[in-house]
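Data first, discussion second: the structure below is written as structure tokens.
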Amino acid sequence: MEKEFYLGIDVGSVSTNLVLLNSQRELVYRDYLRTMGQPIRVVQEGLKALKGRMGEINIAGAGTTGSGRKLAGIMIGADVVKNEITTHAVAALDTNPAVSTILEIGGQDSKIIILRDGIVSDFAMNTVCAAGTGSFLDRQAERLQIPIEEFGDLALKSKNEVRVAGRCAVFAESDMIHKQQLGHRIEDIVYGLCQALVRNYLNNLGKGKAIKPTVLFQGGVAANRGIREAFRRELGMEIEVPPHYDVMGSIGVALIAKETAKRMGRTGFRGLDISKCQFGVRPIECKGCANMCEIIEIVKDGTGIACWGDRCGKWSNRIGK
Amino acid sequence: MKPRVGIPRALLYYNYFPLWEVFFKELGAEVVLSGLTNKKILDDGVNCCVDDACLPMKVFHGHIIELKDRVDYLFVPRLISVERNEYICPKFCGLPDMVLNSVKDLPTVIDCTINLRNSSSSLRRAVLDVGRLFTGDYRRIYTAYRKAVLCLESFEGLMEKGATPLEAMKGDYSKAGEYHYSIGLIGHPYNIYDNYMSMRIIDKLRDRGVNVITQDMICSNELDRIARDFSKPMFWSFGKSIMAASRYLIDKRHVKGIIYLVAFGCGLDALVGDLVERRIRKKGIPFCLLTIDEHTGEAGIDTRLEAFIDMLEWGGTAKCW
């Protein structure tokens with residue numbers, strides 16, 4: 001019997017992740033790419049790389065998630081397009097059915113998901129500000145000229161606590177500079193920063209939420225051992241980091257795609273060869289009314305396949321879904 | 001030629017327009033309404049209004065600009081209190097002054113004062129003062145006002161049957177469609193019913209098969225009765241109905257979840273939001289706070305709404321995704 005695979009793509013602000021699950025829900029392929037502001041190209045490159053590694057395979061279901069989910073979903077003909085909260089919860093439950101709390105910190109956003117008896121019972125996402133997220137750590141690592149991969153290990157060397165203001169990334173930065181000019185050791189400052197981020201996260205997102213074990217920590221920032229340690233101390237409980245913590249969103253949507261495709265009995269996936277198609281976007285400013293909506297038309301090999309951005313439906317209804 | 005009275009389609013339009021419209025029409029005036037909120041109205045409002053006002057105030061200024069050159073009068077009443085011993089947001093007390101200060105080249109502004117905190121005499125005076133602008137016949141003014149009140153009552157009656165203000169203003173509301181379950185949507189009427197500011201939140205929920213119940217769809221006697229049981233009287237009229245509505249939705253309507261739509265920077269929402277949230281959570285009902293501001297990208301609201309609905313439906317059947 002031909003083997004079946006399920007594809008999940010998470011198009012985030014910073015990274016785009018592709019995973020492939022087999023019919024036993026095991027991960028057989030994963031790829032972590034930088035989005036670099038070009039979601040269309042990175043999805044195509046990701047699929048090309050996938051084909052290069054896996055060859056011609058039978059993809060029986062595909063789904064997309066992340067802030068670029070709609071765009072990627074149209075491109076690949078996804079069976080399901082799902083928000084990040086649901087996909088992260090699904091993946092976490094599949095990894096550890098006992099999970100009660102999910103801490104997720106990504107490049108531009110962070111979320112907390114509370115589960116009870118295998119069901120999401122509450123969640124919160126950061127508001128417009130990206131202070132306590134990966135991009136802030138990235139930026140501080142760069143300023144201190146420490147590779148981001150070593151940032152967490154350096155924090156663990158800290159012997160003395162240094163308090164860094166955590167309300168805002170700009171405040172934190174000036175506080176860090178002051179501490180550094182006073183002569184505090186760099187590892188203490190770096191760990192202080194980890195604590196500030198955790199404090200900021202728990203105050204903003206965790207406000208009024210009962211954080212109970214088992215706690216799963218996922219998203220790109222979970223790689224940082226300093227942050228893990230700060231969470232462990234602050235919450236007073238063990239923090240579990242799943243093996244594929246950085247691609248949990250794609251795993252979740254692949255699992256949902258598997259269910260959806262099974263229910264539908266078919267897949268809408270356009271095939272791996274869409275990496276060879278010419279995708280483009282046509283921006284249109286609608287002059288129909290004073291809203292002047294910024295319309296985006298997605299074009300595949302010269303024909304429009306989807307339109308969005310309008311408030312009235314004049315453009316988005318023009319192309320059949 | 002009939003005198004033209006301009007009414008901005010913003011703020012208390014959603015509560016009182018049928019009353020105002022009939023009153024002015026009965027006095028022989030032509031009522032001119034500004035268009036639906038759009039990008040231009042938002043931009044104009046943001047540019048001319050004081051910076052620290054909330055979004056709905058800014059949008060109101062945009063409507064004034066859209067209207068001012070097509071009318072002889074602009075109706076901007078100074079509402080201080082609409083219920084005994086209660087107030088509405090202090091910005092409404094100064095609204096005519098804000099408009100006169102920020103917008104140039106205005107037609108005559110009708111800024112009658114309504115203050116029912118101690119007695120209803122100011123209402124009688126306001127009705128007469130405004131009426132005298134159009135006729136010297138006192139009987140005609142009173143008749144116009146009585147007709148207007150009847151019209152407002154039938155409008156409110158339609159809303160209590162489940163119509164939004166816009167549907168009720170059309171007058172031909174019949175309970176539409178079959179819904180799977182109900183969600184409570186609370187917040188200031190001018191935030192939740194303005195489709196541009198709220199990003200069509202009611203339509204989006206209804207499209208997902210959700211019956212939306214707002215505080216205006218609940219019998220006002222019922223709300224007053226609940227408000228009498230508050231441990232302390234709530235002196236803001238909107239805060240009172242929002243708080244009473246949340247209790248009614250929890251105890252009587254068995255809603256699956258409650259969404260509170262707030263405008264960034266609203267002092268009342270900040271306080272009432274927390275009171276409401278604590279009570280709802282204590283009852284174990286899912287709650288979601290959505291903040292709106294000048295953003296026109298809908299992705300942020302959509303992700304949170306989608307995830308909230310997923311969460312509610314997931315709780316119902318084992319695997320809704």
Side-chain angles (χ1 to χ4, degrees), chain A residues 13 63 65-71 80-90 93 108-109 111 113-129 207-210 252-253 255-260 262-263 285-286 288-294 308-313, chain B residues 34-44 62 65-66 195-200 203 207 257 262 264 273-274 277-278 280-282 284-321:
Chain A
S13 54
T65 185
S67 45
R69 62 184 181 275
K70 207 170 158 189
L71 177 64
V80 62
V81 175
K82 259 291 166 218
N83 65 82
E84 306 87 290
I85 294 176
T86 306
T87 54
H88 272 279
V90 167
L93 280 168
Q108 281 293 332
D109 66 15
K111 26 187 151 356
I113 308 171
I114 306 290
L115 298 105
R116 293 293 178 262
D117 308 319
I119 290 167
V120 176
S121 74
D122 197 6
F123 66 85
M125 274 177 88
N126 61 332
T127 50
V128 278
C129 170
K207 191 184 73 171
K209 302 206 177 353
V253 81
L255 289 168
I256 300 172
K258 181 170 179 288
E259 298 282 324
T260 311
K262 203 162 42 178
R263 205 169 51 230
E285 194 185 42
C286 179
C289 76
N291 276 335
M292 292 172 286
C293 293
E294 293 147 13
W308 55 66
D310 54 346
R311 280 174 177 261
C312 67
Chain B
S34 57
L36 296 170
T37 308
N38 58 37
K39 197 199 247 169
K40 186 166 182 322
I41 289 178
L42 174 73
D43 285 349
D44 286 346
I65 291 173
E66 200 253 3
N195 276 333
Y196 194 83
M197 275 198 280
S198 73
M199 304 187 177
R200 295 185 292 112
D203 291 344
D207 286 349
V262 304
F264 185 78
D274 214 58
E277 175 168 359
R278 281 185 209 176
I280 294 172
R281 291 205 186 280
K282 219 156 88 189
I285 291 176
F287 176 77
C288 177
L289 187 83
L290 291 176
T291 309
I292 52 168
D293 200 31
E294 285 169 42
H295 305 66
T296 51
E298 301 194 9
I301 287 265
D302 286 354
T303 297
R304 286 161 179 81
L305 267 187
E306 235 183 69
F308 190 66
I309 294 174
D310 276 355
M311 176 173 101
L312 300 182
E313 295 182 353
W314 201 351
T317 56
K319 269 186 186 177
C320 258
W321 41 270

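In the text below, chain A, chain B and the rest are named by the order of the sequence lines, each starting its count at 1. Atom set for the values below is all heavy atoms of this structure, side chains included, hydrogens, waters and symmetry mates excluded. Fair warning: this is a prediction, and the values are worked out from it, not measured in the lab.
Counting heavy-atom pairs closer than 4.5 Å to chain A, the top residue among B:Arg200, B:Arg281, B:Lys40 is B:Arg281. Comparing A:Ser121, A:Ala124, A:Cys293 by how many heavy-atom pairs each has under 4.5 Å with chain B, the most go to A:Ser121.
Residue B:Arg278: no heavy atom, backbone or side chain, is found under 4.5 Å from chain A. Interface remark: B:Asp43 contributes no atoms to any contact with chain A (heavy atom separation under 4.5 Å). Using a 4.5 Å cut-off between heavy atoms, A:Leu115 makes no contact with chain B at all. Neither the backbone nor the side chain of B:Asp44 comes within less than 4.5 Å of any heavy atom in chain A. Neither the backbone nor the side chain of A:Ser67 has a heavy atom closer than 4.5 Å to any heavy atom of chain B.
Judged as a side-chain hydrogen bond (donor to acceptor under 3.5 Å, both in side chains), and not counting sequence neighbours, the contacts of B:Asp302 are B:Lys204. Evaluation of the salt bridge (charged side-chain N to carboxylate O under 4.0 Å, His left out) rule for A:Arg116 yields no partner, not counting sequence neighbours.
Rounding to the nearest 0.5 Å gives a distance of 9.5 Å between NZ of A:Lys111 and CZ of B:Arg304. Here B:Met311 contributes atom CE and A:Ile113 contributes atom CD1; the two are 10.5 Å apart, rounded to the nearest 0.5 Å. Summarising the geometry, atom CZ belonging to B:Phe308 is positioned 8.5 Å from atom CG belonging to A:Asp122; distances are rounded to the nearest 0.5 Å.
Looking at B:Asp310 and A:Ile85, their side chains never come closer than 4.5 Å, going by heavy atoms from C-beta outward.
Around atom CG of B:Asp207, more than 12 heavy atoms belonging to other residues, nucleotides or ligands sit under 6.0 Å away.
Of all the heavy atoms in A:Asn83 and B:Ala307, the pair that sits closest is OD1-CB, 3.4 Å.
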